[in-house]
Amino acid sequence: MNILQLTFAILKPHITKNPIALEQIKYIILTSKFKIVKSKRKTITMQEAEEFYVEHKHKFFYNRLVTFMTSGPSDLLILAKENAIKDWRTLMGPTKAYRAHFEAPDSIRGKFGLSDTRNATHGSDSEESARREIRIFFPEFDVDKWYREEEPLFRNDKVAFYEERFLHQPNT
Ligand code: ADP
Ligand code: MG
């Protein structure tokens, strides 16, 4: 097995409010063989949302996007897998919910996207984005140290899964 890659995912506010959708998405994450390296539930602040979506600052949907993203708790996840970035984006499906319903009905956004804004989940689009996004929401998490010290443990499955925390941790 090749080296694992980290990606950053968000289960957006309308998902954490919907237990059935939440459980199904968690099930998809686990059965797709992602390891959950970090997991926390948090209401994103306006300052965090503005930093996170800075590339969209001048888009027509920016206001409704940051308003929605700060409207209630999200689940913030650091996921690990070989090709995690691409695999997670494939599982999510197209950005726009109506396109997702049509073109990828079995994708996460196809199943759980309610609108172009409320499209269920986020996933980093590159390694550089993943690092930037992880730094915003898990500032104490050292990506380089993780690759150095923990990646081999996760890759070789020397981890335990804690269901109530939705988290894998290296065996001690
Ligand atoms: P992705 O999340 O697939 O990387 P983008 O980076 O283009 O997509 O957009 C960031 C987020 O902004 C999307 O996940 C979605 O919530 C919202 N968004 C994107 N395009 C639109 C749109 N046309 N109308 C409303 N919201 C949008
Ligand atoms: Mg994006």
Side-chain angles (χ1 to χ4, degrees), residues 4-139 141 143 146 166:
L4 304 186
Q5 183 181 53
L6 294 177
T7 192
F8 177 70
I10 303 178
L11 313 186
K12 297 188 180 186
H14 66 298
I15 298 300
T16 68
K17 282 197 198 93
N18 177 342
I20 293 169
L22 181 63
E23 282 316 304
Q24 285 199 39
I25 294 172
K26 286 180 169 179
Y27 180 80
I28 291 168
I29 291 171
L30 289 171
T31 55
S32 306
K33 305 286 182 203
F34 285 93
K35 296 288 196 298
I36 301 109
V37 172
K38 282 278 186 182
S39 177
K40 78 177 163 199
R41 178 160 297 187
K42 178 184 196 289
T43 300
I44 293 174
T45 66
M46 189 50 81
Q47 197 183 334
E48 288 166 338
E50 287 176 352
E51 186 181 355
F52 187 70
Y53 284 122
V54 67
E55 66 171 308
H56 298 302
K57 200 169 176 56
H58 301 291
K59 305 269 173 69
F60 72 92
F61 58 78
Y62 177 74
N63 243 315
R64 72 177 84 136
L65 175 60
V66 294
T67 301
F68 166 59
M69 291 301 288
T70 57
S71 68
S74 291
D75 280 348
L76 310 178
L77 307 172
I78 300 177
L79 302 177
K81 196 190 170 186
E82 251 187 275
N83 301 315
I85 291 172
K86 184 166 162 287
D87 280 12
W88 177 240
R89 288 193 64 99
T90 303
L91 280 176
M92 290 201 303
T95 301
K96 295 189 170 196
Y98 296 109
R99 230 187 105 193
H101 293 313
F102 207 72
E103 290 176 9
D106 295 328
S107 68
I108 290 171
R109 286 167 164 176
K111 282 183 180 152
F112 305 111
L114 298 178
S115 66
D116 290 345
T117 306
R118 291 175 298 163
N119 61 353
T121 52
H122 167 83
S124 310
D125 61 11
S126 67
E127 261 184 48
E128 191 189 359
S129 303
R131 280 178 184 268
R132 187 186 78 86
E133 294 168 0
I134 288 169
R135 216 177 303 125
I136 295 172
F137 292 111
F138 293 95
F141 184 84
V143 169
W146 185 85
F166 196 56

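These numbers come from the heavy atoms of this one structure, side chains and all, not from hydrogens, waters or symmetry mates. Counting starts at 1 for both ligands and their atoms, following the listed order.
- The proximity of Arg118 to ligand 1, defined as any non-hydrogen pair under 4.0 Å, does not occur for either the backbone or the side chain.
- Atom OH of Tyr98 is surrounded by 12 or fewer heavy atoms from other residues, nucleotides or ligands within 6.0 Å.
- When heavy-atom distances to ligand 1 are checked against a 4.0 Å cut-off, Arg89 comes that close only through its side chain, counted from C-beta outward.
- Annotation: the span from Ile15 atom CD1 to Ile25 atom CD1 amounts to 4.0 Å, rounded to 0.5 Å.
- Neither the backbone nor the side chain of Met69 comes within 4.0 Å of ligand 1, counting heavy atoms alone.
- When Val66, Thr117, Leu65 are ranked by how near their heavy atoms come to atom 25 (C) of ligand 1, first place goes to Thr117.
- Other residues, nucleotides and ligands contribute only 12 or fewer heavy atoms inside 6.0 Å of the CZ atom of Arg99.
- Note that OG1 of Thr117 and NE2 of His14 are 10.0 Å apart. Values are rounded to the nearest 0.5 Å.
- Among protein heavy atoms, the minimum distance from atom 14 (O) of ligand 1 is reached at Asn119 ND2, 2.8 Å.
- In this structure, of Phe68, Phe61, Tyr62, the residue bringing a heavy atom nearest to atom 22 (C) of ligand 1 is Phe61.
- Annotation for ligand 1: atoms under 4.0 Å from non-hydrogen atoms of Lys96 are 23 (N).
- Contact annotation: for Lys59 versus ligand 1, there are no heavy atoms closer than 4.0 Å.
- Looking only at side-chain heavy atoms (C-beta outward), Ile29 and Phe166 come within less than 4.5 Å of each other.
- Atoms of ligand 1 lying under 4.0 Å from any heavy atom of Arg109, numbered from 1 in the order shown and given with element: 1 (P), 2 (O), 3 (O), 14 (O).
- Protein heavy atom in closest approach to atom 1 (P) of ligand 1: Thr95 OG1, 3.6 Å.
- Exactly one residue among Glu51, His56, Glu50, Glu55 makes a side-chain contact (heavy atoms from CB on, under 4.5 Å) with Tyr53. That residue is His56.
- In Lys96, the NZ atom is not crowded: 12 or fewer heavy atoms of neighbouring residues, nucleotides or ligands sit closer than 6.0 Å.
- Between the side chain of Ser71 and the backbone N or O of Phe68 there is at least one donor-acceptor pair closer than 3.5 Å.
- For ligand 1, the atoms lying closer than 4.0 Å to a non-hydrogen atom of His56 are 5 (P), 6 (O), 7 (O), 9 (O), 10 (C).
- Residue contacts with ligand 1, taken as heavy atom pairs separated by less than 4.0 Å, involve Asp116 via backbone and side-chain atoms alike.
- For ligand 1, the polar-atom distance check against Lys12 finds a nitrogen or oxygen pair separated by under 3.5 Å.
- The main-chain N or O of Leu79 is never found under 3.5 Å from a side-chain atom of Thr7 such that the two would form a donor-acceptor pair.
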